[in-house]
Amino acid sequence: MTVRVRFAPSPTGYLHIGGARTALYNYLYAKAIGGTFILRIEDTDLERSQAEYERLQIDDLKWLGIHHDEGPDKPNPKYAPYRQSERSEIYQKYAQTLIEKDLAYYDFCTEEELEAMKAKAEAEGRDPHYEGKWKEPQFKAEALERVKKGEKAAIRFRAYKKSYTLNDKVKGHVTYPEGMVGDFVIVRSNGLPVYNYCCVIDDMLMDITHVIRGEDHLNNTVRQLMIYEALGAKLPEFAHVSLLIGHDRQKLSKRHGATSVNLYRNEHYLPEAMCNYLCLLGWSHPEEKDIFDKTDLFKVFSLDRFSAHAAMYDLEKLKWVNGEHVKKMPVSDLIELIEKEPESEFFKKQSAEWKNSCVGLLTKYAQFVTDFPKLVNELILKEKPEMTEPLKEIMSWETTPKIVSFISAEVEKASSEFVTEAELNTWMDHVKKEMGVKGKPLFQGVRAALTGHDHGPDLKFLIPLTPVTVLKKRVEHLKG
RNA sequence: GCUCCCAUCGUCUAGCCCGGUCUAGGACAUCGCCUUUUCACGGCGGUAACAGGGGUUCGAAUCCCCUUGGGAGUACCA
């Protein structure tokens, strides 16, 4: 039997970091084992669901390189449709069967009655389980009659009075004691089914073999276990992955800042880096690697390397992972990405040789693709760098003004667009031999004259990348 | 409140299932050193953890119990 896994988001907002991680785990498992990855849309909460979010989430998934084999846009006739809002008849049909078998019943209680019941139970120290009259068999005929007349009623599942044990792939044996949940609603009075119910119907009908999802569903699983039992359906394997938490150790949510994938996408993080980092939160590589790509994961991903405790989302490490992926990327790919960045007009106009050399030099300093245009602007194109304290210090040395006027004259003489490394060496040699300056005053002086900075990348690579026109302006600026 | 889950460096984690090889390994961050005629890059190294208490055992990070702490769920949300 082939493995079938699913990611089932609710289109109530942007794709969340945590959702992306869950989707990734499902996707990786399917790929690693030769299974099928299904995307199902859980839009039964009509008030909060929006079609636009479905599109946006699928788009973010695509960006991350998490591609589904089946879904609303790629239906397999055997399992379609993939939106819960389009599966109402199916849920209704099964609900009817459950009622016929007395495994569920209609409930006409109003919200107020329910709340009163709950308050009373709490006051008496009992679990707030449903104790309305409609669960009694003698009211079944009346209920059926009222429904036939068109009266609205919720459908409630008759919870089994027994304990359950789940053998979870991450948590091990989880025991749900008897009476943990009371009779719960599976279909709302407006006719729409509820998550814990349609989730089971769909997983059953879609032949889902492994349910990989967040730990926030762990307690709910007992309800689902009951429905599986009532339906006589085969249980899938469950893997409840630990939650992602923020710096306050609370479940990661909007108030923790950037938690939606599109934000990182907008900031031009590399999708491979996002996947790499997300995968690392709660899962470990068998060889203890920190940096890897999907091709590697397809070979080694398995469900037995999850950690059971929550993982704190740490932007610092994400940034580092992104930097590692930037460094790993082929130069030609990197150039292509840099050219898509805003403010890279100058970069685009340069020769292939210049670009290669530039990327080769700046990669060490860049953690993001967006850093390249910034570094080019700062290190190569800036004509009037600020007079910083360390720079003032260098200017105060008695040798520096002499170096500056020498360099100034040389730069004025230069006729080509760029200075070559050989030319730069000649200048350095001159300062060294004719002016008798060496060591720190030599290098720092030349650096100050040509870059207007006290630090930065190696001069012999940096200066040949800098237009002579810029060099001229810098020396002028420094002298003035 | 009740129920469930969890507990190794500041953070992500390896080790735990199958006790000894763990004076607990790696990574991020942090600090220091080296190299570099400058500045970097880089290299090397340091600080830093088995929540606490009981058992079991010749021996426990690893098995059991309790305490504490954290998280989640407890909806006609998903």
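This is a predicted model, so every value here is computed, not measured. Residue numbers start from 1 in every chain, and the chains themselves are labelled A, B, ... in the order their sequence lines are given, proteins ahead of strands. Only heavy atoms go into these numbers, but all of them, side chains included; no hydrogens, no water, no symmetry mates.
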Considering every strand and a 4.0 Å limit on heavy-atom distances, what is the contact class for Ser189(A): base, sugar-phosphate, or nothing? base
Among residues at least two apart in sequence or on other chains, which ones pass side chain to side chain contact (heavy atoms under 4.5 Å, CB included) with Leu192(A)? Leu46(A), Arg188(A), Asn190(A)
Assign Cys279(A) to base, sugar-phosphate, or nothing according to its heavy-atom contacts below 4.0 angstrom with the strands shown. nothing
Side chain to side chain contact (heavy atoms under 4.5 Å, CB included) partners of Lys384(A), counting only residues at least two apart: His477(A)
Using a heavy-atom cut-off of 4.0 Å across all strands, would you classify Arg126(A) as base, sugar-phosphate, or nothing? nothing
Please work out if Gly282(A) contacts a base, only the sugar-phosphate, or nothing of the nucleic acid, heavy-atom cut-off 4.0 Å. sugar-phosphate
Partner lookup for U30(B), please. Criteria are Watson-Crick or G-U wobble with both distances under 3.5 angstrom; report none if nothing qualifies. G46(B)
Using a strict threshold of under 4.0 Å (side-chain N to carboxylate O), is an ion pair present between Glu136(A) and Lys133(A)? no
RNA chain B: 5'-most and 3'-most nucleotides touching chain A, 4.0 angstrom heavy-atom criterion: C2(B) to A78(B)
Please give the distance between the C1' atoms of G54(B) and C12(B) as a whole number of Å. 32 Å
Pull out every residue in residues 451-461 of chain A that has a heavy atom closer than 4.0 Å to any atom of RNA chain B, ordered by number, or say none. Asp454(A), His455(A), Gly456(A), Pro457(A), Asp458(A)
Residues from residues 317-331 of chain A sitting under 4.0 Å of RNA chain B, heavy atoms only? Lys317(A), Trp320(A)
Any strand: nucleotide that pairs with U35(B) via Watson-Crick or wobble, under 3.5 Å: none
Within a radius of less than 6.0 Å around CD of Glu398(A), do more than 12 heavy atoms belonging to other residues, nucleotides or ligands occur? no
Can you check whether Arg223(A)'s main-chain N or O pairs, donor with acceptor, with Tyr197(A)'s side chain at less than 3.5 Å? no
With a 3.5 Å distance limit and no angle check, can you tell me whether Asn26(A) reaches the backbone of Val5(A) through a side-chain donor-acceptor pair? no
Spacing of the P atoms in C33(B) and G73(B) (rounded, Å): 49 Å
Within residues 151-164 of chain A: residues closer than 4.0 Å to RNA chain B (heavy atoms): Ala154(A), Arg156(A)
On RNA chain B, check which nucleotide each of Arg249(A) and Asn220(A) is closest to and give me the residue with the more 5' one. Arg249(A)
Whole-angstrom distance between G15(B) and C9(B), as gauged at atom C1': 15 Å
Taking atom C1' in both G32(B) and U68(B), compute the distance separating them and give it to the nearest angstrom. 38 Å
Classify Lys251(A) by what it touches in the nucleic acid, base, sugar-phosphate, or nothing, heavy-atom distance under 4.0 Å. sugar-phosphate
Is it the case that Arg146(A) places NZ or CZ above or below the six-membered ring of Tyr106(A), under 6.0 angstrom from the centre and within 45 degrees of the axis? no
Are Val261(A) and Tyr14(A) side-chain neighbours, meaning at least one heavy-atom pair lies under 4.5 Å? no
Hunt down the Watson-Crick or G-U wobble partner of U3(B), both distances under 3.5 Å, from any strand shown, or write none. A72(B)
Listed partners of Gln50(A) passing side chain to side chain contact (heavy atoms under 4.5 Å, CB included), at least two apart: Tyr53(A)
When all nucleic acid strands are considered with a 4.0 Å heavy-atom cut-off, which category describes His247(A): base, sugar-phosphate, or nothing? nothing
Across every strand shown, the nucleotide meeting Watson-Crick or G-U wobble geometry with U57(B) (both distances under 3.5 Å) is none
What integer number of Å spans the P atoms of C28(B) and A75(B)? 45 Å
Does Thr165(A) have any side chain to side chain contact (heavy atoms under 4.5 Å, CB included) partners at least two apart in sequence or in another chain, and if so, which? His173(A), Thr175(A)
Rounding to the closest angstrom, what is the interatomic distance between U8(B) and U13(B) at atom P? 9 Å
Do the side chains of Glu272(A) and Lys328(A) get close enough for a salt bridge, i.e. N-O under 4.0 angstrom? no
Are Lys402(A) and Phe406(A) in a cation-pi contact, defined as NZ or CZ under 6.0 Å from the six-membered ring centre and within 45° of the axis? no
A51(B) and U57(B): how far apart are their P atoms, nearest whole angstrom? 23 Å
Is there a side-chain contact between Ile212(A) and Glu237(A) in this structure, where contact means two heavy atoms from C-beta onward sitting under 4.5 Å apart? no
Is Glu389(A) salt-bridged to Lys392(A), cutoff N-O under 4.0 Å? yes
Which residues pass the side chain to side chain donor-acceptor pair (under 3.5 Å) test with Thr426(A), sequence neighbours left out? none
Per the side-chain hydrogen bond (donor to acceptor under 3.5 Å, both in side chains) rule, what does the pair list look like for residues 152-161 of chain A, sequence neighbours excluded? Asp107(A)-Arg156(A)
Base, sugar-phosphate, or nothing for Glu42(A), non-hydrogen atoms under 4.0 angstrom? sugar-phosphate
Checking all strands, does Glu122(A) fall into the base, sugar-phosphate, or nothing category for heavy-atom contacts under 4.0 angstrom? nothing
Let's test this: given Watson-Crick or G-U wobble pairing with both distances under 3.5 Å, identify the partner of C22(B). none
Thr44(A) or Thr175(A), whichever maps to the more 5' nucleotide of RNA chain B: Thr175(A)
Got a sec? Which of residues 15-23 of chain A come in under 4.0 Å of RNA chain B, heavy atoms? none
Give me each pair satisfying ring-ring contact (aromatic ring centres under 6.0 Å, His included) with a member in residues 309-330 of chain A, each pair once, sequence neighbours excluded. Tyr277(A)-Tyr313(A)
Are there more than 12 heavy atoms of other residues, nucleotides or ligands under 6.0 Å from atom CD of Glu52(A)? yes
Taking A48(B) as the reference, what is the distance to U62(B) when you measure between their P atoms (whole Å, please)? 22 Å
